Amino acid sequence: MAEIQQYHLTVRTNEMRLNAFRVADAVARRTFDDLERPDTPSLAIVQSAINRYSEEWDVRILVINDRARVLRDSNHDVLDSYAGQTLLRPEVLNALNRQDTTVLRRNDYALNVAVAVHDEISGRVGAILLIADVSDIFDTVAEIRNTLILYSVAVGLLVIVLVFVMSHRLIAALRQIMRVVQRMSMGKLNVRIPISSRDEYSVLSKAFNNMAEKLEQQEKTRDEFVSNVSHEMKTPLSAIKVLSESILTLESVPEEVYREFFEDINSEVDRMTNINNDLLALVKVDQREQTLHLAPVNINELVEDILKRLSPLAEKKKVVLLYEEVRLVEIDADDVKLALAISNIVENGIKYTPRGGTVKVVVDSDHQFAYITIQDTGIGVPEEEQDKIFNRFYRVDKTRDRDTGGTGLGLAIARSTVLLHNGSIRLTSKPEEGSVFILRLPIRK
Ligand code: ADP
């Protein structure tokens with residue numbers, strides 16, 4: 001601020017000095033003697049010159065002789081005129097000593113510029129004093145300062161309001177999240193944080209809602225799983241109950257009837273044992289990496305072993321089992337779990353392929369993956385069921401599968417195992433034509 005003021009004052013001073021020299025130039029051509037005498041032509045010329053200049057530049061002009069007496073004053077106001085007075089101001093005295101001087105009088109905002117003037121004939125040195133009102137400079141600077149203060153106050157207020165609003169929003173958002181977290185921790189998993197804006201909180205809220213969604217989904221899956229398990233157990237249990245009650249109520253029954261009933265009971269127990277084993281296997285693969293015992297596994301040998309074990313089942317069902325070895329493949333895997341996964345799929349192929357059909361297993365690889373393809377000419381899986389059959393307890397046709405004795409867990413086990421090995425499983429199938437399951441597993445580096 002002070003610099004702006006100083007700059008304008010300097011500009012004004014320079015301008016006034018130049019003007020003072022112009023006046024001095026006009027005066028220097030007269031003698032002070034001439035000027036001191038009343039009604040000389042020189043006096044009239046000088047008087048009209050300073051009047052004109054004073055009006056033109058808006059300054060007061062004083063012509064002062066070597067004894068500091070004011071010879072002429074452009075201000076003719078009788079009360080205010082210095083004409084005839086001796087003006088012993090520092091700037092005047094300096095000028096009389098040939099030292100041009102500028103003084104700013106702050107009480108009346110008057111800028112005084114005094115320069116020496118020579119009477120070329122007598123050699124006397126007088127002074128020209130220019131007095132200008134510079135209150136406009138001070139007014140302008142004060143105005144700028146006030147505007148700046150006003151702006152600063154406004155900006156300050158705005159910042160305070162913004163901080164207040166933001167922190168209010170921040171706290172409100174956090175409170176809302178806290179409320180939802182508390183309700184969730186009390187077991188209400190269906191609550192969500194309402195998302196209204198697009199700030200960081202909405203990102204956090206979205207992430208939280210996603211987590212809540214997953215938790216709720218998991219809870220649902222768990223409930224479904226438990227109810228499926230109990231449902232699956234209920235069927236054989238009620239069959240056993242009916243059979244055993246009939247035995248108990250019947251009197252003197254021939255031994256063959258007992259035998260037949262016990263055989264039925266036995267097969268129901270087998271069924272429950274199967275479900276139980278599959279459940280245990282599923283829980284094991286679901287326990288993630290730490291239960292995976294990785295070691296180099298020769299996939300070709302593994303598949304051959306599985307086919308050997310399943311060949312009696314295939315023979316019984318009159319299904320041809322084929323094996324094709326395109327490449328020798330070795331990968332890092334948990335052989336027990338992987339064997340169970342593959343054998344589940346091959347067993348399905350045999351189960352769901354009518355007499356005379358074929359189940360073929362192909363082992364191949366490229367530079368990145370091993371591919372195990374299990375292909376059958378069986379009943380196939382309808383398009384809309386193809387994703388679902390990997391779900392626990394899911395069966396395409398419930399009644400039909402009870403005869404084949406499946407638990408609905410085989411493919412769920414297979415998929416979990418393959419995922420655990422960072423692999424993938426893909427099914428393409430057409431009803432009445434057959435199915436192709438492709439297992440893709442990363443090759444050992
Ligand atoms: P399951 O013990 O019933 O076979 P899975 O999980 O192994 O249980 O299979 C789920 C369902 O997928 C089966 O009940 C069957 O309906 C269908 N499925 C599985 N594999 C085949 C296949 N190769 N051909 C036709 N349907 C199949």
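Quick caveat: nothing in here was measured; it's all calculated off a predicted structure. We count ligands from 1, going down the list as the structure has it; atoms in each ligand are counted the same way.
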Pair Asn51-His76, side-chain donor/acceptor within less than 3.5 Å
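Result is yes, a qualifying pair exists.
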Would you check if there is a donor-acceptor pair between the side chains of Asp136 and Tyr109 at a distance under 3.5 Å?
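Distance-only check fails for Tyr109 and Asp136.
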Using the salt bridge (Lys or Arg N to Asp or Glu O under 4.0 Å) criterion, which residues pair with Glu304? Sequence neighbours excluded.
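Glu304 satisfies salt bridge (Lys or Arg N to Asp or Glu O under 4.0 Å) with no residue once adjacent residues are dropped.
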Answer with side chain, backbone, both or neither: which part of Tyr394 has a heavy atom less than 4.0 angstrom from an atom of ligand 1?
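Looking at Tyr394 and ligand 1, just backbone atoms fall under 4.0 Å.
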Below a 4.0 angstrom heavy-atom separation, can you tell me which part of Lys351, side chain or backbone, both or neither, approaches ligand 1?
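Contact part for Lys351 vs ligand 1: side chain (C-beta onward).
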Take Arg192 and Glu213, measure what salt bridge (Lys or Arg N to Asp or Glu O under 4.0 Å) needs, and give me the verdict at the end.
CA-CA 9 Å; Arg192 298 287 181 274; Glu213 195 85 37; 3.4 Å; yes
Do the side chains of Leu427 and Val436 get nearer than 4.5 Å, heavy atoms only?
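No. Closest side-chain heavy atoms not under 4.5 Å.
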When you compare ligand 1 with Ala412, is there at least one nitrogen or oxygen pair between them that comes in under 3.5 angstrom?
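N/O-N/O distance under 3.5 Å: no.
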So is there a nitrogen or oxygen of Ile379 less than 3.5 Å from a nitrogen or oxygen in ligand 1?
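In fact, backbone or side chain, Ile379 has no N or O that close.
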If the cut-off is 4.0 Å to any non-hydrogen atom of Leu409, which atoms of ligand 1 fall inside it?
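Listed by number with element: 6 (O), 8 (O).
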Closer than 4.0 Å to some heavy atom of Val381 - which atoms of ligand 1 meet that?
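What qualifies from ligand 1 is 25 (C), 26 (N), 27 (C).
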Please determine whether any non-hydrogen atom of [X] lies less than 4.0 Å from an atom of ligand 1.
X      : answer
Asp376 : yes
Gly408 : yes
Phe390 : no

For a quick test of your reading: what N or O donor-acceptor pairs under 3.5 Å do the side chains of residues 311-329 make, sequence neighbours left out?
residue	atom	partner	partner atom	Å
Ser311	OG	Lys308	O	2.9
Lys317	NZ	Ile350	O	3.3
Lys317	NZ	Lys351	O	2.9
Lys317	NZ	Thr353	O	2.9
Tyr323	OH	Asn300	ND2	3.4
Tyr323	OH	Glu325	OE1	3.2
Glu324	OE1	Lys360	NZ	3.0
Glu325	OE1	Asn300	ND2	3.3
Arg327	NH1	Asp364	OD1	3.1
Arg327	NH1	Ser365	O	3.0

CA sep, side-chain torsions, deciding dist, call: Asp366, Tyr371, side chain to side chain donor-acceptor pair (under 3.5 Å):
CA-CA 8 Å; Asp366 57 23; Tyr371 299 94; 2.9 Å; yes
